[in-house]
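Counting from 1, the numbers follow the sequence of the chain as shown. Heavy atoms only: backbone and side chains are in, while hydrogens, waters and symmetry mates are out. Computed from a prediction, not measured in an experiment: that's the story for all the values here. Indexing begins at 1, ligand by ligand and atom by atom, following the structure's order.
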Amino acid sequence: MSTQSVPQIQKAWLILRKGKPSDVLALKQDVAVPSKLSKGEVLVRVQAAAMNPVGYKVMGFLPNFIARRPHVAEHDFTGIIANANGTELENGQAVYGFVPVQLKLKTKQGSLAQYLRVPASHCVPRPSTLTPTQAAGLTLSGLTAYQALFNIAKLEPGQSLFINGGSTAVGIYATQLAKAIGCTVTVSASGKKEDFVRSFGVDNFVDYTKGPVHEQLARNPPSPKFHVIFEAVGGTDVALYTSSEAYLAPGGIFVSVGIHPHGGMSGYKQALHYLWELNRPSLFGGIQRKWKLILVAFDRESFERYSEFVADGKVKPAVDSVYAFEDVQEAYARIMSSRASGKVVVKVDPTVE
Ligand SMILES: NC(=O)c1ccc[n+]([C@@H]2O[C@H](COP(=O)([O-])OP(=O)(O)OC[C@H]3O[C@@H](n4cnc5c(N)ncnc54)[C@H](OP(=O)(O)O)[C@@H]3O)[C@@H](O)[C@H]2O)c1
């Protein structure tokens with residue numbers, strides 16, 4: 001595709017102010033297509049975007065003066081390079097990637113638009129085995145899983161991993177990455193999703209609807225104990241960590257995607273309680289296990305290594321549902337239900353598979 005065929009205006013979903021998607025999102029028909037690219041940036045014609053909880057969470061809590069709204073919604077994309085701008089990418093090349101939160105605050109770019117400008121480093125080639133809707137949701141949750149397991153927990157081949165939330169998108173990618181290097185993987189999910197999570201290679205299963213997960217694990221601890229626990233739901237129940245001496249090996253590590261109180265005073269009290277329990281000194285009854293928080297951040301080396309797992313077919317995408325560009329509110333309702341099994345995808349180009 002030549003740069004001449006790029007239109008001057010485009011359709012895009014803009015976040016107008018802080019609030020809920022149903023109140024603050026608007027589909028605009030006349031948003032300017034980025035016409036100036038900085039060195040190292042490319043213009044992508046977006047084919048499909050994928051939703052992430054961070055999209056509606058930041059929309060709901062970050063004040064306008066920090067978020068510099070209006071800006072385009074969402075982060076994950078797959079598309080075609082419309083202007084390679086002298087980078088290592090080529091016009092017409094199929095890629096996938098993401099606009100990290102920090103970058104969006106700076107550039108106002110997002111994936112729920114027909115075109116976006118982004119550093120070439122934030123794109124990798126889309127394998128021809130994957131369709132655009134399959135590839136759209138690979139990056140943000142997959143990179144989170146990669147960085148949590150390999151950069152933070154230093155998971156090694158043959159080790160034993162517990163994932164709380166095996167059916168979250170992050171959990172699905174974490175399972176596949178750990179299995180790819182030969183780890184034993186135990187996950188929690190609701191019983192109705194057991195077959196689904198086992199299809200990604202899960203070895204052992206805990207049904208969280210049958211009682212608190214920490215109690216089930218303490219009653220029936222693995223032998224040897226887990227080397228790593230990855231909390232991939234995000235919540236304020238700290239018992240999985242505070243009880244973990246029963247099932248996490250000495251020297252093992254607990255990595256969490258975050259503390260996400262549901263709002264209101266009780267939520268904040270719960271979060272403070274969580275922080276206290278995570279940091280409680282052993283003198284005051286704190287437990288002898290390390291914990292760390294993962295905050296996904298762009299890093300090219302991790303992105304390249306992660307994309308090799310994808311290219312080799314060792315990490316496969318999971319798509320929960322696909323929505324039309326006009327039906328973004330329904331896509332938000334689905335991701336906000338916290339019931340999706342895999343990625344919630346939006347076709348930006350209606351003709352793609
Ligand atoms: N810190 C970071 O950098 C970072 C990056 C990415 C994501 N996150 C956070 O990670 C979390 C997961 O994100 P995601 O996009 O992977 O979520 P997601 O795909 O939307 O998660 C939906 C899944 O969660 C499962 N689930 C809900 N409650 C559960 C529970 N108590 N125990 C086990 N499974 C449960 C649901 O299964 P059922 O229907 O069976 O309940 C459903 O399959 C979110 O809190 C997100 O904000 C953080």
Distance-only N or O hit between ligand 1 and [X], under 3.5 Å:
X	result
Gly165	no
Ala169	yes
Ala232	no
Ile294	yes
Gly342	no
Leu140	no
Ser190	yes
Lys343	no
Val54	no

| remark: Nearest heavy atom to atom 32 (N) of ligand 1, choosing from Phe196, Tyr173, Tyr208, Tyr56, belongs to Tyr208
| query | Which of the listed options, Lys193, Arg334, Glu194, holds the heavy atom that is closest to atom 38 (P) of ligand 1? | reply | Lys193
| Hey, is Arg305 close enough to Glu308 for a salt bridge, meaning N to O under 4.0 Å? | no
| query | Salt bridge or not for Asp23 and Arg17, using N-O below 4.0 Å? | reply | no
Checking contacts here: is it the side chain or the backbone of [X] that comes within 4.0 Å of ligand 1, counting heavy atoms only? Could be both or neither.
X	value
Thr144	side chain
Ser167	both
Ser141	neither

| remark: For residues 36-74, the ring pair (Phe, Tyr, Trp, His ring centres under 6.0 Å) pairs (sequence neighbours left out) are none
| field | ring pair (Phe, Tyr, Trp, His ring centres under 6.0 Å) contacts touching residues 131-162 (sequence neighbours left out) | value | Tyr146-Phe150, Phe162-Phe226
Under 4.0 Å to a heavy atom of [X] - the qualifying atoms of ligand 1, by number:
X	answer
Ser338	22 (C), 23 (C), 24 (O), 25 (C), 27 (C), 36 (C), 42 (C)
Ile335	20 (O)
Val296	2 (C), 3 (O)

| Looking at CD1 of Ile335 and CD of Glu330, how far apart are the two atoms once the value is rounded to the nearest 0.5 Å? | 14.5 Å
| field | Gap between atom CG of Leu116 and atom CD of Glu41 - 0.5 Å precision | value | 10.0 Å
| Quick one: does Ala340 get a heavy atom under 4.0 Å from ligand 1? | yes
| Judged by non-hydrogen atoms, does Gln147 sit under 4.0 Å from ligand 1? | no
Tell me yes or no: between the side chains of [X] and [Y], is some donor less than 3.5 Å from an acceptor?
X	Y	answer
Lys343	Asn52	yes
Asn164	Ser188	yes
Asp349	Gln47	no

| side-chain hydrogen bond (donor to acceptor under 3.5 Å, both in side chains) assessment of Arg69 paired with Asn64 | CA-CA 6 Å; Arg69 301 180 181 104; Asn64 293 330; 2.8 Å; yes
| said: For a 4.5 angstrom cut-off between non-hydrogen side-chain atoms, does Leu103 reach Phe98? | reply: no
| query | Is the closest side-chain heavy-atom distance between Pro125 and Gln93 below 4.5 Å? | reply | yes
